[in-house]
Amino acid sequence: MAQILSCLLVAILASQAYCIPAASHDRRQATLPSFVNTYAPIVYLHSTETYFPSDLGAQLANTQPEINYEVVSGAPNPLTLNNLDSLNALGGSSIYLTSLEDTTSDPQPQWLKGVVPDSTGKTDGAVSCSIIVCDYGNGTVDAYYMYFYAYNWGGKVLGLNFDDHVGDWEHTMTRFSNGVPQTIWFSQHASGEAIDYSAVPKYDGGVRPIVYSANGSHANYATSGEHDHTIPGLDLPFGIFLVDYTDQGYLWDPTLSAYYASVSFPSGSTPVFAAYDSTTPVNWLNYVGQWGDEQYPTSYPGQYDIFGEYRYTSGPTGPEDKDLNRGDGTCPSGLENPCVVLEVVLPGEKV
Ligand SMILES: *[C@@H]1O[C@H](CO)[C@@H](O)[C@H](O)[C@H]1NC(C)=O
Ligand SMILES: *[C@@H]1O[C@H](CO)[C@@H](O)[C@H](O)[C@H]1NC(C)=O
């Protein structure tokens, strides 16, 4: 009886809030829904940007897995996008992909700078985006456009840099209903904004929403201009604000060099990723560790902290940690409750 009830419960939960495996619709190989590319964002990088979208594989080639600043032994060599998830058994979330070179040197190692998009908007030779599709099986589909940068430049407060780190995963998510875009989530630092698709400016009078990536921090906004944001967790007594800058600097079309995958949650909470073809690496999506160096100790040259805010902070976790199963809301769980979807955007302001 208990078993029947729990099956029933799983069935009810599954029908309400879980993405289903794309392949379960039919027995053929799942195909990418065409609207995922038709309505994909066009990203504008800032005109003074120096840390561009970056190749996922290059991040592995230029780092080694470390725990507590010590190299993890027994890791595959070389680490590739096909075996990265083997690190989950060797320390998992304690692991930091740590730069082989000193990242604080002047000039910094070139690989941290990423790849400037070419005249078509492509990061040529660098796969710098991961597009992940969650199909709820009831007409609702969430498409995550995950933007990868090898380095995050956190910006300045009173002339001092804060929150610089190796590895930077940012994303927007578009929720579709029967192939029609409804809402877009813009990730911004530890939080973000949900905005009605119809309110977001479109590229070249078409259907593709414009996403502005802020200089250095790569936070995502719907408009160009200055965006005030307090440093998450920073509680300075004299109330200082950090500012994100966006403008139409460099055009980046993330779909031109991206890995595509579907995600489903057959057992409830653990994501299962599947590629749409046999040549796309997908195992890396299971990796639960960090994509950059661990926050340098205070003894590290150039490191400082002011009221607990550090110049150099830790690299981020990857796409699997972005709440890919959002159910009823466009917002990640735990951030906006209820999830407020803005119906207008104001230029250069965080509304
Ligand atoms: C489909 O499922 C999602 C997730 O539970 C839900 O938010 C959405 O309202 C459902 N859509 C329809 C048309 O039932
Ligand atoms: C953009 O970031 C670079 C560092 O990557 C910095 O030198 C430049 O001043 C920043 N631009 C603005 C407008 O803050």
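Because the structure is predicted, anything quoted here is derived from the model rather than measured. Nothing fancy with the numbering, it's 1 onward along the sequence. Just follow the structure's listing: the first ligand is 1, and inside any ligand the first atom is 1.
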> With a cut-off of 4.0 Å, which atoms of ligand 1 are near a heavy atom of G327?
Replying inline: 4 (C), 7 (O)
> Does N138, backbone or side chain, put an N or O under 3.5 Å from an N or O of ligand 1?
Replying inline: yes
> Is a salt bridge present between K122 and D253, judged by a nitrogen-to-oxygen distance below 4.0 Å?
Replying inline: no
>> Which of the numbered atoms in ligand 2 are under 4.0 angstrom from any heavy atom belonging to N215?
In response: 1 (C), 2 (O), 3 (C), 8 (C), 10 (C), 11 (N), 12 (C), 14 (O)
> Against heavy atoms of Y51, which atoms of ligand 2 measure under 4.0 Å?
Replying inline: 5 (O)
>> Could you tell me if the side chain of Y96 sits less than 4.5 Å from the side chain of P65, heavy atoms only?
In response: no
>> Please confirm whether the ring centroid of F35 lies under 6.0 Å from the ring centroid of F176.
In response: yes
>> Can you confirm whether some protein heavy atom lies under 4.0 Å from atom 7 (O) of ligand 2, or whether none does?
In response: no
> What atoms of ligand 1 come within less than 4.0 Å of a heavy atom belonging to T140?
Replying inline: 1 (C), 8 (C), 10 (C), 11 (N)
> Does Q188 reach the side chain of D244, with side-chain heavy atoms less than 4.5 Å apart?
Replying inline: no
> W153 to ligand 2: N or O pair under 3.5 Å?
Replying inline: no
>> When you measure from the heavy atoms of R175 to every atom of ligand 1, does any distance fall below 4.0 Å?
In response: yes
> Any side-chain heavy atom of E66 sitting closer than 4.5 Å to one from E294?
Replying inline: no
> Can you hop from Y51 to L97 via hydrophobic side chains spaced under 4.5 Å?
Replying inline: no
> G139: heavy atom below 4.0 Å from ligand 1, yes or no?
Replying inline: no
>> Does the plane of the ring in W284 sit parallel, tilted or perpendicular to the ring in W169? Use 30° and 60° as the thresholds.
In response: parallel
>> Is there a polar contact between ligand 2 and T50, counting only N or O atoms under 3.5 Å apart?
In response: yes
